[in-house]
Amino acid sequence: MTSHSPLADSTPQSPVVATARRARAAAAEIAPLPRSAKDAALLAIADALEARTDEIVAANAQDVDRARAAGTSETVIDRLTLTPERVAAIASDVRDVAALPDPVGEVVRGSTLPNGIDLRQVRVPLGVVGIIYEARPNVTVDAAALCLKSGNAVLLRGSSSAYASNTALVGVLRDAVEQAQLPADAVQLVPGESRDSVRELMRARGLVDVLIPRGGASLIRTVVEESTVPVIETGTGNCHVYVDAQTDLAMAVDILINSKAQRPSVCNAAETLLVHQDVAADFLPLALDALAEAGVTVHADERVAAYAAGSKATVVPATEEDWETEYLSYDIAAAVVDSLDVAVRHIREWSSGHTEVIVTTSQAAARRFTQLVDSTTVTVNASTRFTDGGQFGFGAEIGISTQKLHARGPMGLPELTSTKYIVTGDGHTR
């Protein structure tokens, strides 16, 4: 008995499967292309985004209007919105990706074996990458650029809330790719706005090589649990800022406010503040005033709340649920802890494994924190907001993986490749 494969199926296919088939054919065409051909396509995309900004922003306005009419929160609308300035920034990111080294063909390791056989492990494209994401139309371009640069075809399944924006963007991308003489089907929008199209994509094993979900916990959990296609799990961002007993108070306040309030709707924004008991009396009055000025509501344990008297801060009692919540809003959970080790235990229990920060002037404390905390990114004396592919110098990122297999942390170009072994002999037999 042979197992069923969608590659061998000659029966009429749904629009989703037909799209995946075209992507697979395109992937085979672009995988062997030299860097110059892929970079030309990326530069054409950047130029086209700028030239067609008005068209993109007009389509995006339809999505934003619908979102507002539906009562969508302003933080989600912020993630959805494209302005001319944001389109220009996205185009700039695409040019940054074009300037990055091509990972395809890189020799990961190699040697001549004792028997004279030449063995090389080289990077190769994954093939067809499916991206399932929520109301972030910038992801449409970031994902396409990174997939093209790494020799992959990409299937984009954004949320229905950004359908007009994504349709316009993919139209621009495909025209630019074709103008650069690459197959337009290397970039495709998965047809359909219902969940049925998502389910089909998750079950297109044999046509789609890997799925990457980007979004909230519910979306990620659904893709991980229901997909038959291999999944690279990106995670939610319950990020922590821990203020140590030995610290620079002004620096700690600056890092806290930047981590929480610079852009609260993103996964690398801080969601929990932990303060060592020895510095609480000096730090918390400053922090609560600064959080109040930034418009942040503090979900405080009793020890934090005790310092709220006389502060302008909006303070509400913290519940168990607050310690695991990714607010994506002007809210933060806060607790006083007895020691660094207690802070680490709190993080291990409640963190989503994204980014954790220690603010300290003690090298010993910094070293112990970085050794004990098991998250994708552990930061000393800097904002959580630096956990980002662009900030790390990777160019645009495909997502931030919180799993431990293959890719972890901000996923740049190397994480969109696999490897194969090339064995070269001279008539060798075993």
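All values below come from the heavy atoms of this structure, side chains included, with hydrogens, waters and symmetry mates left out.
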Participant: If we only count heavy atoms from C-beta on, is the Val231 to Ile212 side-chain gap below 4.5 Å?
Facilitator: no
Participant: Return the set of residues passing side-chain hydrogen bond (donor to acceptor under 3.5 Å, both in side chains) with Thr19 (not counting sequence neighbours), or none when no residue passes.
Facilitator: Arg22
Participant: Quick one: list whatever passes salt bridge (charged side-chain N to carboxylate O under 4.0 Å, His left out) with Arg348, sequence neighbours left out.
Facilitator: none
Participant: With distance as the sole test, does Thr72 use its side chain to make a donor-acceptor pair with the main-chain N or O of Ala67 at under 3.5 Å?
Facilitator: yes
Participant: Between Arg79 and Glu74, does any NZ, NE, NH1 or NH2 come within less than 4.0 Å of an OD or OE carboxylate oxygen?
Facilitator: no
Participant: Within the 3.5 Å criterion, strictly below it, is a donor on Tyr163 or Arg66 matched to an acceptor on the partner's side chain?
Facilitator: no
Participant: Going through the distances and angles, do Thr384 and Asn268 end up as a side-chain hydrogen bond (donor to acceptor under 3.5 Å, both in side chains)?
Facilitator: CA-CA 6 Å; Thr384 61; Asn268 59 12; 5.7 Å; no
Participant: If only side-chain N and O atoms count, and only distance matters, is there a donor-acceptor pair under 3.5 Å linking Glu200 with Ser14?
Facilitator: yes
Participant: With sequence neighbours left out, what residues match Ser161 under side-chain hydrogen bond (donor to acceptor under 3.5 Å, both in side chains)?
Facilitator: Ser159
Participant: Hey, is the main chain of Thr377 close enough, under 3.5 Å, to the side chain of Ser375 for a donor-acceptor pair?
Facilitator: no
Participant: Within a strict 4.5 Å, meaning less than it, do heavy atoms of the Val275 and Val304 side chains meet?
Facilitator: no
Participant: Among residues two or more places apart or on two chains, list those pairs meeting side-chain hydrogen bond (donor to acceptor under 3.5 Å, both in side chains) that have a residue in residues 209-225.
Facilitator: Arg24-Asp209
Participant: Verify the neighbour count for atom CD of Glu226: are there more than 12 heavy atoms of other residues, nucleotides or ligands below 6.0 Å?
Facilitator: yes
Participant: Check the pair Met251, Asn381 against side-chain contact (heavy atoms from CB on, under 4.5 Å), reporting the backbone distance first and the verdict last.
Facilitator: CA-CA 8 Å; Met251 179 174 67; Asn381 295 336; 3.6 Å; yes
Participant: Hey, can you tell me if His240 and His346 have their rings parallel, tilted or perpendicular (30° and 60° cut-offs)?
Facilitator: perpendicular
Participant: Going by the rule salt bridge (charged side-chain N to carboxylate O under 4.0 Å, His left out), which residues pair with Arg345 if we only count those two or more places apart in sequence or in a different chain?
Facilitator: none
Participant: Heavy atoms only: give me the nearest Gly295-Tyr330 pair and the separation to one decimal.
Facilitator: O-CB, 3.4 Å
Participant: Return yes if some donor-acceptor pair links the side-chain N/O of Ser311 with the main-chain N/O of Tyr307 below 3.5 Å, else return no.
Facilitator: no
Participant: In terms of side-chain heavy atoms, does Thr247 have a donor or acceptor partner in Asp244 at a distance below 3.5 Å?
Facilitator: no
Participant: Mind checking the CG-CZ spacing from Leu288 to Phe283? Nearest 0.5 Å is all I need.
Facilitator: 8.5 Å
Participant: Thinking salt bridges, do Asp196 and Arg199 make one under a 4.0 Å N-O criterion?
Facilitator: yes
Participant: Are Asp102 and Lys38 ion-paired here, with the side-chain N under 4.0 Å from a carboxylate O?
Facilitator: yes
Participant: Would you check if there is a donor-acceptor pair between the side chains of Arg157 and Ser197 at a distance under 3.5 Å?
Facilitator: yes
Participant: Is there a side-chain contact (heavy atoms from CB on, under 4.5 Å) between Leu126 and Thr417 once you walk through the steps?
Facilitator: CA-CA 5 Å; Leu126 291 170; Thr417 64; 5.6 Å; no
Participant: Test salt bridge (charged side-chain N to carboxylate O under 4.0 Å, His left out) on Arg136 and Asp142; report intermediate values, then the result.
Facilitator: CA-CA 10 Å; Arg136 291 282 297 274; Asp142 291 349; over 6 Å; no
Participant: For Asn238 and Ser351, what are the C-alpha separation, side-chain angles and deciding distance, and is it a side-chain hydrogen bond (donor to acceptor under 3.5 Å, both in side chains)?
Facilitator: CA-CA 6 Å; Asn238 183 13; Ser351 172; 5.9 Å; no
Participant: Applying salt bridge (charged side-chain N to carboxylate O under 4.0 Å, His left out), name anything that partners Arg123, two or more places apart in sequence or on another chain.
Facilitator: Glu106
Participant: Any sub-3.5 Å donor-acceptor pair from Ser352's side-chain atoms to Thr236's backbone N or O?
Facilitator: yes
Participant: Counting distance only, does the side-chain N/O of Asp63 pair as donor-acceptor with the main-chain N or O of Ala164 below 3.5 Å?
Facilitator: yes
Participant: Please list, chain by chain and in numerical order, all residues satisfying ring pair (Phe, Tyr, Trp, His ring centres under 6.0 Å) with Tyr327, sequence neighbours excluded.
Facilitator: His299
Participant: Under the rule for ring pair (Phe, Tyr, Trp, His ring centres under 6.0 Å), what residues qualify as partners of His354, not counting sequence neighbours?
Facilitator: none
Participant: Without swapping roles, check the side chain of Ser401 against the backbone of Ala407 for a donor-acceptor pair under 3.5 Å.
Facilitator: yes
Participant: Side-chain contact, heavy-atom cut-off 4.5 Å: Leu274 with Ile347?
Facilitator: yes
Participant: What pairs with Arg195 under side-chain hydrogen bond (donor to acceptor under 3.5 Å, both in side chains), at least two apart in sequence or on another chain?
Facilitator: none
Participant: Which residues pass the salt bridge (charged side-chain N to carboxylate O under 4.0 Å, His left out) test with Asp248, sequence neighbours left out?
Facilitator: none
Participant: So, Asp185 and Arg174, do they make that salt bridge, N to O below 4.0 Å?
Facilitator: yes
Participant: Indicate yes or no for a side-chain donor-acceptor contact from Thr370 to the backbone of Ala366 under 3.5 Å, with no hydrogens or angles considered.
Facilitator: yes
Participant: State, with a plain yes or no, whether a side-chain heavy atom of Ile358 is found less than 4.5 Å away from one of Thr379.
Facilitator: no
Participant: Apply the test side-chain contact (heavy atoms from CB on, under 4.5 Å) to residues Val154 and Leu148: give CA-CA distance (whole Å), side-chain angles for both, the deciding distance (0.1 Å), then the verdict.
Facilitator: CA-CA 8 Å; Val154 63; Leu148 285 172; 5.9 Å; no
Participant: Report yes if some heavy atom in the side chain of Glu326 is under 4.5 Å from a heavy atom in the side chain of Cys267; otherwise report no.
Facilitator: yes
Participant: Tell me, please, which residues at least two apart from Phe392 pass ring pair (Phe, Tyr, Trp, His ring centres under 6.0 Å).
Facilitator: Phe394
Participant: Looking only at side chains, do Tyr133 and Thr140 share a donor and an acceptor under 3.5 Å apart?
Facilitator: yes
Participant: Any side-chain heavy atom of Glu271 sitting closer than 4.5 Å to one from Asp322?
Facilitator: no
Participant: Strictly distance-based, threshold 3.5 Å: is any side-chain N or O of Lys260 a donor or acceptor partner for the main-chain N or O of Ala270?
Facilitator: yes
Participant: Got a sec, which residues hit side-chain hydrogen bond (donor to acceptor under 3.5 Å, both in side chains) with Asp39, two or more places apart in sequence or on another chain?
Facilitator: Arg35, Lys149
Participant: Got a salt bridge between Asp374 and Lys404, using NZ or NE/NH1/NH2 to carboxylate O under 4.0 Å?
Facilitator: yes
Participant: Would you indicate whether the side-chain heavy atoms of Pro230 and Leu211 approach each other to under 4.5 Å?
Facilitator: no
Participant: Using side-chain heavy atoms (C-beta onward) and a distance below 4.5 Å, is Val296 in contact with Asp331?
Facilitator: no
